[in-house]
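Just so you know, residue 1 is the first one in the sequence shown, and it goes up from there.
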Amino acid sequence: MEGGGRTVEEIYEDFKGRRAAIIKALTTDVQDFYNQCDPEKENLCLYGLPSGQWEVNLPVEEVPPELPEPVLGINFARDGMQEKDWLSLVAVHSDTWLVALAFYFGARFGFDRADRKRLFNLINELPTIFEVVTGSAKKQAKEKSSVSNNSGSKSKSSSKARASESQGRQSKAFQPKDEDEGAEEQDDEEHGEAFCGACGESTGTDEFWICCDICEKWFHGKCVKITPARAEHMKQYKCPSCSGNKRAR
């Protein structure tokens, strides 16, 4: 359907690009993001761009702004609270901004009730930035998996990587193997709800995944630049966020 020249799909793609950018800032690029949020600077905002890039910048000067603006002054609270709490606060405000943008575009381009419902149904299928950053998206997926798979408990080893055919944490790194159709369907059901802690997407379940030994979030290997061969030689894997937690204050 068309909405004043823009389709529901186009607005959804804009939403996904901005969302991926903010998730990147708060996870894989967290140290860079942290450093840019200097409390000594003026009011700063975290912008997610449709291209998937993020930036920390001053708000626009025009009043009213052309688009809804992110929350102001995220830098002021940086050193006044625990880092994980600060990141969670920025995440939930970012979720609010993205929904505001989607509503703005829907209204501006004349979406009717059916278009708006379709747009927000698409958005609601994705975990929120807050859920990705806090790890609750992975926890929810794990709970759903345990409910739908009651055929015995899976052993929990110290190894933290998986591919599409894995069940539990069986080895540090391995490549997916061909399975029969029944096995593939069962695996898709188990891992289809899992979300990458970097990009927030559940797609690519046939790709290499790795889990952080500290926060226990799962990541696509390509999102954190870890190959199966490299992971095989790791005694412990720390994601970019956990690696930056020992930053000198």
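With rounding to the nearest 0.5 angstrom, the CD1 atom of I210 is 14.0 Å from the NZ atom of K225. How far CG of L89 is from NZ of K84: 14.5 Å, rounded to the nearest 0.5 Å. Taking CZ of R18 as the start and CG of L98 as the end, the distance is 8.0 Å to the nearest 0.5 Å. Distance check, rounded to the nearest 0.5 Å: CZ of F109 to CG of D115 gives 12.5 Å.
Between W209 and W218, the ring planes lie perpendicular to each other; the angle is over 60°, past the 30° to 60° tilted range. Ring-plane geometry between Y237 and F219 is classed as perpendicular, the angle between the planes exceeding 60 degrees on a 0 to 90 degree scale with a lower cut at 30.
The shortest side-chain heavy-atom distance between L58 and L44 falls under the 4.5 Å cut-off.
Among L46, I74, T128, the single residue meeting the side-chain contact (heavy atoms from CB on, under 4.5 Å) criterion with S94 is L46.
A distance-only check finds a donor-acceptor pair linking the side chain of N75 to the backbone of E42 [under 3.5 Å]. Between the side chain of Y12 and the backbone N or O of T7 there is no donor-acceptor pair closer than 3.5 Å. No donor-acceptor pair closer than 3.5 Å links the side chain of R6 to the backbone N or O of R108. D95 contributes a side-chain N or O that, together with a main-chain N or O of I129, makes up a donor-acceptor pair within less than 3.5 Å. No donor-acceptor pair under 3.5 Å is formed between the side chain of K217 and the backbone N or O of A198. The backbone N or O of F120 lies less than 3.5 Å from no partner atom in the side chain of N124, so there is not a single donor-acceptor pair. Listed for the D79 side chain is no donor-acceptor partner under 3.5 Å among the backbone atoms of P39. Under the 3.5 Å distance criterion, the side-chain polar atoms of W97 are matched with a main-chain donor or acceptor of P68.
For E69, the side chain to side chain donor-acceptor pair (under 3.5 Å) partners are Y47, not counting sequence neighbours.
N35 and Q31 share no donor-acceptor pair across their side chains, judged by distance under 3.5 Å alone.
Hydrophobic clustering keeps F33 apart from F76 (ILVMFWY residues linked when any side-chain heavy atoms are closer than 4.5 Å, directly or through intermediates). Hydrophobic clustering keeps L72 apart from L67 (ILVMFWY residues linked when any side-chain heavy atoms are closer than 4.5 Å, directly or through intermediates).
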